[in-house]
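Data block below; observations after.
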Amino acid sequence: METLSTPLLYLPRYSTSLTVNNDHEHPVFLHLKRCTNSSQLKQIHAQMLRTGLLFDPYSASKLFAASALSPFSSLDYARKVFDEIPKPNLYTWNTLIRVYASSREPLQGVLIFLRMLHESPYYPNKFTFPFVIKAATETFSLCVGQALHGMVIKASLEADVFISNSLIHFYMSCGDLDSAYRVFMMVGEKDVVSWNSMITGLAQRGCAEKALQMFQNMEEQNVKPNDVTMVGVLSACTTKLDLEFGRWVHSYIERNGISVNLTLNNAILDMYTKCRSLEDAKSLFDMMEEKDIVTWTTMLDGYAKLGAYEEARQILDTMPRQDIAAWNALISGYEQNGMSKEALSIYHELQQSKIAKPDEITLVSTLSACAQLGALEVGDCIHAYIKELGIKLNCHLTTSLIDMYSKCGDIKKALEVFYSVEKRDVFVWSAMIAGLAMHGQGKAAIDLFSRMQETMIRPNSVTFTNVLCACSHAGLVKEGKTFFGMMEPVYGIAPELQHYSCMVDMLGRAGLLEEAVEFIEKMPMPPSDSVWGALLGACQIHGNVELAEQACSRLLELDPGNDGAYVLLSNVYAKSGKWEGVSRLRKHMRVTRLKKEQGCSRIEVNGVIHEFLAGDNCHPLSKEIYSKLDEIVVGLKSAGYVPNKSQLLQLIEEDDMQEHALNLHSEKLAIAFGLLYVEASQPIRIIKNLRVCGDCHSVAKLISKLYNREIILRDRYRFHHFSRGHCSCKDYW
DNA sequence: GTAGGGTTAG
């Protein structure tokens with residue numbers, strides 16, 4: 001520790017008077033200019049205090065600027081210096097606002113500004129406003145910015161292009177595009193930054209077309225674009241996923257001699273990966289002489305999202321520093337491509353290696369993977385980890401937790417999370433409504449939707465999909481029709497295909513097949529495969545062969561490879577004893593080599609996921625499982641169970657064999673495994689990739705009674721809670 | 001003596 005008795009610098013002891021007489025060449029300023037570390041700065045500070053130079057506002061401002069802006073100084077130290085200055089001048093106030101505006105506490109910038117208005121004799125000048133507007137931008141404080149805008153006008157400073165540009169950026173960041181545009185229009189001499197602020201603002205708000213239109217206007221006005229302009233334009237291309245236009249922009253940059261720096265190269269690279277051209281991305285990546293963490297992460301993300309996992313992994317292993325963004329890119333790449341097991345394994349690797357610390361984004365992706373897999377125990381661990389680290393739940397995390405708990409079958413925990421948070425955005429509300437819907441709690445879902453209306457949060461298109469889905473699963477036809485009718489007139493949300501599908505599903509399930517058909521006929525757009533699929537599903541429930549045939553052929557016109565359509569139609573035939581229809585379908589599937597998606601059920605025991613396929617004997621405990629299954633069948637038969645073969649795609653002709661095939665359904669294997677290895681106090685949680693068949697549904701009900709166990713089964717569309725011989729779906733599914 | 005706009009992971 002250096003002390004003042006061993007100075008690093010020799011500071012001549014001037015006999016200073018308090019006034020400096022405009023002697024700006026005071027030697028202490030020279031030292032200040034040459035100062036390279038904080039110890040030297042402190043010595044100068046001490047010297048100025050001793051000599052009283054600090055009482056001169058101009059000299060003090062010099063010291064303060066050095067304390068606030070030099071790379072080796074800290075904001076805390078600068079603040080201490082500021083507090084010692086008896087009469088800070090306007091320059092000093094401006095500098096303090098400036099450093100706070102770009103610090104981690106931008107709000108302080110606004111507060112200091114207010115203090116300046118009260119305590120100082122100065123009125124803000126053309127330099128003050130850009131700093132304080134930046135502070136308002138960083139805090140997303142619309143009313144503060146609006147007030148500042150008012151002050152700018154009163155001070156007759158609205159013609160200042162720097163201030164106007166700050167205001168444009170501010171309004172864009174707050175999402176007030178109209179105000180940004182108004183300020184933009186008022187700027188007399190728009191410079192390149194004015195245009196850039198509009199272009200990047202629009203691009204970041206997802207208004208790609210408007211951003212590109214702005215770019216065109218800019219060219220027409222003969223304002224020469226620079227590298228920042230092109231980053232904004234590329235961002236718009238990336239939103240549009242328009243590779244051809246992206247390539248044109250790349251060549252435009254080269255043709256117009258726009259200087260390409262690292263950031264611009266990164267933006268071009270991102271455009272190529274998002275527009276799915278790995279070739280273009282790779283060749284740019286290889287050519288780039290300078291790369292930073294963004295370059296590496298962008299390339300890694302491109303590989304991972306497009307399924308080139310080996311290449312992605314190689315980037316991770318060779319990049320100079322594996323920060324958390326890189327791990328997140330790999331995890332989300334797997335998760336978004338439905339490879340949840342791989343996503344979880346990367347997450348585990350990350351935790352064990354401790355190379356980087358998981359952040360909110362890591363947790364959101366990993367929770368989604370848990371939700372897909374139904375990995376409740378892993379999901380629970382992540383929730384515990386969040387609590388342990390004291391991570392505050394933001395809306396993204398809250399949504400992911402609610403989604404994970406709902407999809408893993410623990411609706412109570414999902415509700416706990418929902419009620420534990422103070423802040424809920426439209427995604428949080430929608431996720432909770434979806435959770436209740438998939439658990440068949442339609443009434444609760446609707447109640448929640450009503451409570452949502454009491455808040456300022458406006459429902460979006462997804463919210464309505466979830467509400468209609470809730471009505472459909474719970475048979476709430478009247479309510480569903482009301483909500484559907486309100487969408488456009490009350491909420492200004494035009495119904496989309498998924499809303500029509502939900503309505504057809506709802507009407508169809510309720511047996512209103514004619515009404516469902518009329519509804520389809522009145523659709524303002526061509527019905528999609530999922531609309532016909534909903535109708536076909538309803539036909540299966542209500543055994544309407546003729547309509548099923550029509551729905552199936554319309555569905556196959558749109559999606560010829562839809563194996564589910566054949567299965568559903570086959571079930572309709574089987575249900576009404578039309579075996580010739582069944583074998584015709586079977587033959588057709590054989591000829592076209594279309595295979596029914598294999599049924600697969602999953603169960604998690606002690607954090608390990610066990611997977612079963614129909615008739616599968618790959619499991620190491622296969623023998624025990626099958627003997628348990630035999631025991632169950634004997635027990636069920638003596639309780640009066642008769643196998644229900646109506647929903648079996650008739651691949652096996654003989655009766656005995658049919659029954660055998662039924663017994664081998666994957667969910668039955670998983671239930672047998674659960675009875676053997678899940679603690680008696682715990683529910684048996686199973687996840688199936690397809691819809692549960694009627695026979696398995698009755699069997700699960702009986703088992704829940706005979707063995708006095710709770711079984712929670714997630715199928716492709718919803719949950720079934722079996723308990724004491726009943727199912728939560730009330731056999732309406 | 002002070003100023004404004006940009007790229008990656010949800």
Side-chain angles (χ1 to χ4, degrees), chain A residues 24 29 33 58 61-62 64-66 68-69 89-99 101-102 125-134 137 157 160-170 172-173 183 187 190-201 203-204 225-235 238 260-271 273-274 291-302 304-305 315-316 319 323-333 335-336 356 358-368 394-397 399-400 427:
Chain A
H24 294 177
F29 299 146
K33 243 186 221 163
Y58 179 81
S61 76
K62 284 272 193 192
F64 178 69
L69 302 171
N89 63 12
L90 184 54
Y91 175 79
T92 303
W93 284 104
N94 286 351
T95 309
L96 185 62
I97 296 166
R98 171 185 173 187
V99 288
S102 43
N125 66 1
K126 63 173 184 171
F127 294 108
T128 319
F129 283 110
F131 296 140
V132 66
I133 292 166
K134 184 184 169 79
T137 309
L157 285 169
D160 185 291
V161 71
F162 277 87
I163 297 176
S164 298
N165 292 347
S166 303
L167 282 170
I168 293 169
H169 179 58
F170 161 77
M172 277 294 183
S173 303
V183 177
V187 186
K190 298 176 186 52
D191 67 4
V192 65
V193 179
S194 317
W195 289 96
N196 288 353
S197 300
M198 287 302 290
I199 292 170
T200 47
Q204 285 169 350
N226 64 11
D227 50 332
V228 179
T229 322
M230 300 324 290
V231 172
V233 171
L234 282 162
S235 167
T238 307
V260 180
N261 57 16
L262 182 57
T263 306
L264 182 50
N265 259 336
N266 286 342
I268 301 169
L269 186 67
D270 185 48
M271 178 277 293
T273 61
K274 294 277 172 16
K291 297 184 176 83
D292 68 357
I293 193 96
V294 175
T295 322
W296 290 94
T297 313
T298 304
M299 197 64 225
L300 195 170
D301 183 58
K305 291 284 177 337
I315 297 271
L316 183 75
M319 62 197 288
D323 73 348
I324 191 60
W327 290 89
N328 290 346
L330 190 56
I331 293 173
S332 71
E335 183 265 312
Q336 284 174 24
D359 64 3
E360 273 104 336
I361 295 168
T362 324
L363 300 171
V364 165
S365 304
T366 311
L367 285 168
S368 299
N394 62 22
C395 287
H396 276 296
L397 257 184
T399 306
S400 297
F427 296 96

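Order of the sequence lines fixes the chain letters, A, B, ..., with proteins taken first and strands second; residue numbering starts at 1 for each chain.
- Note: CG (A:N261) to P (B:dT7) measures 12 Å, nearest angstrom.
- In this structure, A:N265 reaches neither bases nor backbone, as no heavy-atom distance under 4.0 Å exists between it and the strands shown.
- Between the side chains of A:T298 and A:D301, not a single donor N or O lies within less than 3.5 Å of an accepting N or O.
- As judged by a 4.0 angstrom heavy-atom cut-off over every strand, A:H396 is placed among the base-contacting residues.
- Considering only side-chain N and O atoms, A:Q336 lies nowhere under 4.0 angstrom from the phosphate OP1 or OP2 of B:dA9.
- When the P atom of B:dA3 is taken as reference, atom CG of A:D191 falls 15 Å away, rounded to whole Å.
- The side chain of A:K305 approaches B:dA9 more closely than any other nucleotide in the set B:dG6, B:dA9, B:dA3.
- For the atom pair CG (A:L157) and OG (A:S164), the distance works out to 9.5 Å, reported to the nearest 0.5 Å.
- No contact: A:D292 has no heavy atom under 4.0 Å from any strand.
- At B:dT7, none of the side-chain N or O atoms of A:T298 fall inside 4.0 Å of OP1 or OP2 (strictly under the cut-off).
- In this entry the distance linking CD1 of A:I168 with P of B:dA3 reads 19 Å, nearest Å.
- Using a 4.0 Å heavy-atom cutoff across all strands shown, A:S164 reaches no nucleic acid atom at all.
- No engagement by A:E335 is indicated, since no non-hydrogen atom pair under 4.0 Å with the nucleic acid exists.
- Here A:D270 lies in heavy-atom contact (under 4.0 Å) with sugar-phosphate atoms only.
- A:W93 pairs by the ring-ring contact (aromatic ring centres under 6.0 Å, His included) definition with A:F82, not counting sequence neighbours.
- The interatomic distance linking A:D160 (CG) with B:dA3 (P) rounds to 13 Å, in whole Å.
- Screening A:L234, A:V233, A:V231 against A:M271 for a side chain to side chain contact (heavy atoms under 4.5 Å, CB included) leaves a single residue, A:L234.
- Per the geometry, NZ belonging to A:K62 stands 11 Å off C1' belonging to B:dT2, to the nearest Å.
- Of the N and O atoms on the side chains of A:K305 and A:S332, at least one donor lies less than 3.5 Å from an acceptor on the other residue.
- Checking B:dT2, B:dT7, B:dG10 against every side-chain atom of A:V231, the shortest atom distance belongs to B:dT7.
- For B:dG10, the base has no donor-acceptor partner in the side chain of A:S400 [N/O atoms by modelled type, under 3.5 angstrom].
- Put simply, CE on A:M319 and OG1 on A:T295 are 9.0 Å apart, with the number rounded to the nearest 0.5 Å.
- The listed nucleotides are B:dG1, B:dG6, B:dA9; the one nearest the side chain of A:I361 is B:dA9.
- A:D323 comes within 4.0 angstrom of no nucleic acid atom, judged by non-hydrogen atoms across all strands.
- The side chain of A:A267 lies closest to B:dT7 when the candidates are B:dT7, B:dG1, B:dA3.
- Closest to the side chain of A:D359, from the set B:dT8, B:dT2, B:dA9, is B:dA9.
- Residues A:N266 and A:T263 have side chains that never bring a donor and an acceptor to within less than 3.5 angstrom of each other.
- Backbone-only contact: A:K274 has heavy atoms under 4.0 Å from sugar-phosphate atoms and none from a base.
- Which of B:dT2, B:dA9, B:dG10 sits closest to the side chain of A:E360 comes down to B:dG10.
- Taking atom NZ of residue A:K134 and atom C1' of nucleotide B:dG6, one finds them 12 Å apart after rounding to whole Å.
- Among the nucleotides B:dT7, B:dT2, B:dT8, the one closest to any side-chain atom of A:N266 is B:dT7.
- Nearest to the side-chain atoms of A:D227 among the listed nucleotides B:dT2, B:dG6, B:dG1 stands B:dG6.
- Of all nucleotides listed (B:dG10, B:dA9, B:dT8), B:dA9 comes nearest to the side chain of A:N328.
- To the nearest angstrom, C1' of B:dT8 lies 15 Å from CG of A:L264.
- For A:K291 and B:dT8, the NZ to C1' distance is 15 Å, given to the nearest whole Å.
- Minimum atom distance to the side chain of A:T263 is reached by B:dT7, of the listed B:dG1, B:dT7, B:dA9.
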